[in-house]
Peer 1: 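Pasting in a structure now, in structure tokens, and then I'll have a few things to ask.
Both ligands and their constituent atoms are indexed starting at 1 by order of listing.
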Amino acid sequence: MLIVMRLDASRKEIDAVKAKISSFGFTPHEIPGVQRVAIGITGNKGKVDAENFLPLPGVIDVIAVSKPFKLVSREFKPEATVIDIGGARFGGNEINVIAGPCSVESRQQILEIAEIVKSAGARFLRGGAFKPRTSPYSFQGLKLEGLEYLKEAAVTTGLKVVTEVKDTETLSLVGEHTDVFQIGARNMYNFSLLERVGEFNKPVLLKRGLSATIEELLMAAEYILSHGNYNVILCERGIRTFETYTRNTLDLNAVPVIKKLSHLPVIVDPSHGTGAWDLVTPLALAAIAAGADGLMVEVHNHPEQAISDGFQSLKPETFLQLMKKAKEIAPVAGRTL
Ligand code: PEP
Ligand code: MN
């Protein structure tokens with residue numbers, strides 16, 4: 001249920017509507033917009049009677065929301081959400097690029113790669129320090145040491161850090177070292193982790209689960225928003241299909257579908273989406289053409305020696321070429337890079 005306030009509704013009128021929602025034991029969510037303020041209601045089990053709210057001063061309309069997801073939906077908030085991370089804006093006109101290795105492997109490795117991706121035009125450095133691996137015998141990340149190297153690389157280059165948070169136990173520690181929490185595909189259904197990042201005042205990059213539908217991805221984002229954190233960037237990273245030639249099938253349909261259903265920014269990860277370095281550039285360009293708000297690309301200074309995902313990591317010169325082409329495509333798609 002969504003209560004739409006008049007354009008000239010006063011603060012007192014808005015607060016009175018919120019108090020009335022709370023008096024029923026429901027949660028009000030004020031959604032400021034360019035056109036008008038709306039107040040979303042969550043926490044109700046059944047239908048909320050519009051008659052309780054329509055007579056209140058300042059209320060212009062009460063709309064039932066047809067989708068199972070509410071706070072993330074365009075019905076709740078028609079305007080696109082723009083998430084400003086230290087001056088880099090996701091969801092507006094800009095395309096932002098997050099680049100770096102799959103895993104932080106050493107201090108020298110991440111410092112070198114940070115310089116490379118920075119000079120190519122990326123504004124965000126990625127790299128896993130806590131790695132949720134399919135096999136318990138695979139490299140699990142440098143953990144705290146990796147976080148410290150990432151932070152040092154960010155300070156040296158001025159890049160912002162995106163790194164994965166694997167569990168609730170390490171959430172605060174990761175939070176001290178990153179600008180954006182990445183929730184990986186394997187954790188998209190980890191509802192306690194989603195709830196906890198929802199209580200944190202830090203942007204979240206939420207990756208689509210390996211076999212998750214678009215609706216399930218949006219419901220996972222709904223967990224985060226419903227706990228108070230509205231700064232969520234969605235990431236399409238490929239799904240499992242019957243096709244085995246590529247590691248995953250990059251579902252570019254998801255970009256315009258999500259744009260239609262949700263106001264949240266959406267980016268694309270063509271590295272995990274294809275699993276092959278030579279497919280990354282064409283899919284990255286296609287993602288921009290499809291309307292993505294950004295890219296996440298794995299880049300390594302020595303892919304053949306990478307501890308994880310070397311086969312899908314771009315060499316520095318290939319990443320530079322990708323960025324050059326992306327800068328050409330972006331204006332055609334009405335965007336800046
Ligand atoms: C990653 O970004 O390195 C990663 C593990 O991605 P995903 O969770 O999409 O598999
Ligand atoms: Mn990876």
Peer 1: Closer than 3.5 angstrom, by distance alone: can the side chain of H300 be matched with the main-chain N or O of I113 as a donor-acceptor pair?
Peer 2: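 Pair absent, no side-chain N/O of H300 close to backbone of I113.
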Peer 1: Over 60° means perpendicular and under 30° means parallel, so classify the ring planes of F26 and F24, tilted if in between.
Peer 2: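 Parallel: the ring planes of F24 and F26 meet at under 30°.
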Peer 1: Answer yes when R196 and E199 have at least one side-chain N-carboxylate O distance shorter than 4.0 Å, and no when they do not.
Peer 2: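 Result for this pair is yes, salt bridge flagged.
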Peer 1: If only atom types and distance count, is the side chain of T163 paired as donor or acceptor with the main-chain N or O of T178 below 3.5 Å?
Peer 2: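 Not at all, since once roles are kept as given, no pair shorter than 3.5 Å links the two residues.
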Peer 1: How about R335 and D293: do any of their side-chain heavy atoms sit closer than 4.5 Å?
Peer 2: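 Yes - at least one pair of side-chain heavy atoms lies under 4.5 Å apart.
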Peer 1: Give, rounded to 10 degrees, the angle between SG (C102) and OD2 (D309) as seen from the Mn ion (ligand 2).
Peer 2: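 SG of C102 and OD2 of D309 make an angle of 90° at the Mn ion (ligand 2), to the nearest 10°.
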Peer 1: The Mn ion (ligand 2) is nearest to which N, O or S atom of H272?
Peer 2: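 Looking at H272, the N, O or S atom with the least distance to the Mn ion (ligand 2) is NE2.
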Peer 1: Taking the side chain as every heavy atom from C-beta outward, state whether I307 and S103 have any atom pair closer than 4.5 Å.
Peer 2: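 A side-chain contact is absent here, since even the closest heavy-atom pair is not under 4.5 Å.
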Peer 1: Any N or O on D309 sitting closer than 3.5 Å to an N or O of ligand 1?
Peer 2: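 In fact, backbone or side chain, D309 has no N or O that close.
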Peer 1: In terms of atom number and element, which parts of ligand 1 are under 4.0 angstrom from non-hydrogen atoms of E298?
Peer 2: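 The atoms of ligand 1 under 4.0 Å from a heavy atom of E298 are 3 (O).
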Peer 1: Less than 3.5 Å between some nitrogen or oxygen of A185 and one of ligand 1, yes or no?
Peer 2: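 A185 vs ligand 1: N/O contact under 3.5 Å present.
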Peer 1: With no hydrogens and no angle check, just 3.5 Å: does a side-chain donor-acceptor pair link D309 and H272?
Peer 2: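 D309 vs H272: donor-acceptor pair found between side chains.
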Peer 1: Is it true that E164 and R186 have a side-chain N and a carboxylate O under 4.0 angstrom from each other?
Peer 2: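 Result for this pair is no, no salt bridge flagged.
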Peer 1: Can you name the atoms of ligand 1, numbered from 1 with element, that are less than 4.0 Å from a heavy atom of G184?
Peer 2: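 With G184 as reference, the close atoms of ligand 1 come out as 8 (O).
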Peer 1: Where is the nearest protein heavy atom to atom 6 (O) of ligand 1: which residue, which atom, and how far?
Peer 2: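 Closest protein heavy atom to atom 6 (O) of ligand 1: K207 NZ, 3.0 Å.
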Peer 1: Any heavy atom of Q182 sitting closer than 4.0 Å to ligand 1?
Peer 2: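 Yes, Q182 has a heavy atom closer than 4.0 Å to ligand 1.
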Peer 1: Charged N to carboxylate O below 4.0 Å: is that the case for R123 and D179?
Peer 2: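 Salt bridge flag = no for D179 with R123.
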Peer 1: Does ligand 1 have any atom sitting under 4.0 Å from a heavy atom of G128?
Peer 2: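 No; G128 lies far enough from ligand 1 that no heavy-atom distance drops under 4.0 Å.
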Peer 1: Should E164 be counted as touching ligand 1, given the test is an N or O pair under 3.5 Å?
Peer 2: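 Min N/O separation from ligand 1 is not below 3.5 Å for E164.
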Peer 1: Looking only at protein heavy atoms, which one is nearest to atom 3 (O) of ligand 1, and how far off is it?
Peer 2: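 Atom 3 (O) of ligand 1 sits closest to the protein heavy atom R126 NH2, 2.8 Å.
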Peer 1: So which N/O/S atom does E298 have closest to the Mn ion (ligand 2)?
Peer 2: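 Nearest N/O/S atom of E298: OE2.
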Peer 1: Which atoms of ligand 1 are found less than 4.0 Å from any heavy atom of C102?
Peer 2: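 Once the distances to C102 are compared, the set is 3 (O).
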Peer 1: Please say whether D269 places an N or O atom under 3.5 Å from an N or O atom belonging to ligand 1.
Peer 2: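 Min N/O separation from ligand 1 is not below 3.5 Å for D269.
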Peer 1: Under 4.0 Å from any heavy atom of R237, which atoms of ligand 1 are there?
Peer 2: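 Contacts of ligand 1 toward R237, numbered from 1: 7 (P), 9 (O), 10 (O).
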Peer 1: With rounding to the nearest 0.5 angstrom, report the CG to CG distance, D49 to L54.
Peer 2: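 It comes to 9.0 Å.
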Peer 1: What is the nearest protein non-hydrogen atom to atom 4 (C) of ligand 1, stated with its residue, atom name and distance?
Peer 2: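 Of every protein heavy atom, H272 NE2, 3.4 Å lies nearest to atom 4 (C) of ligand 1.
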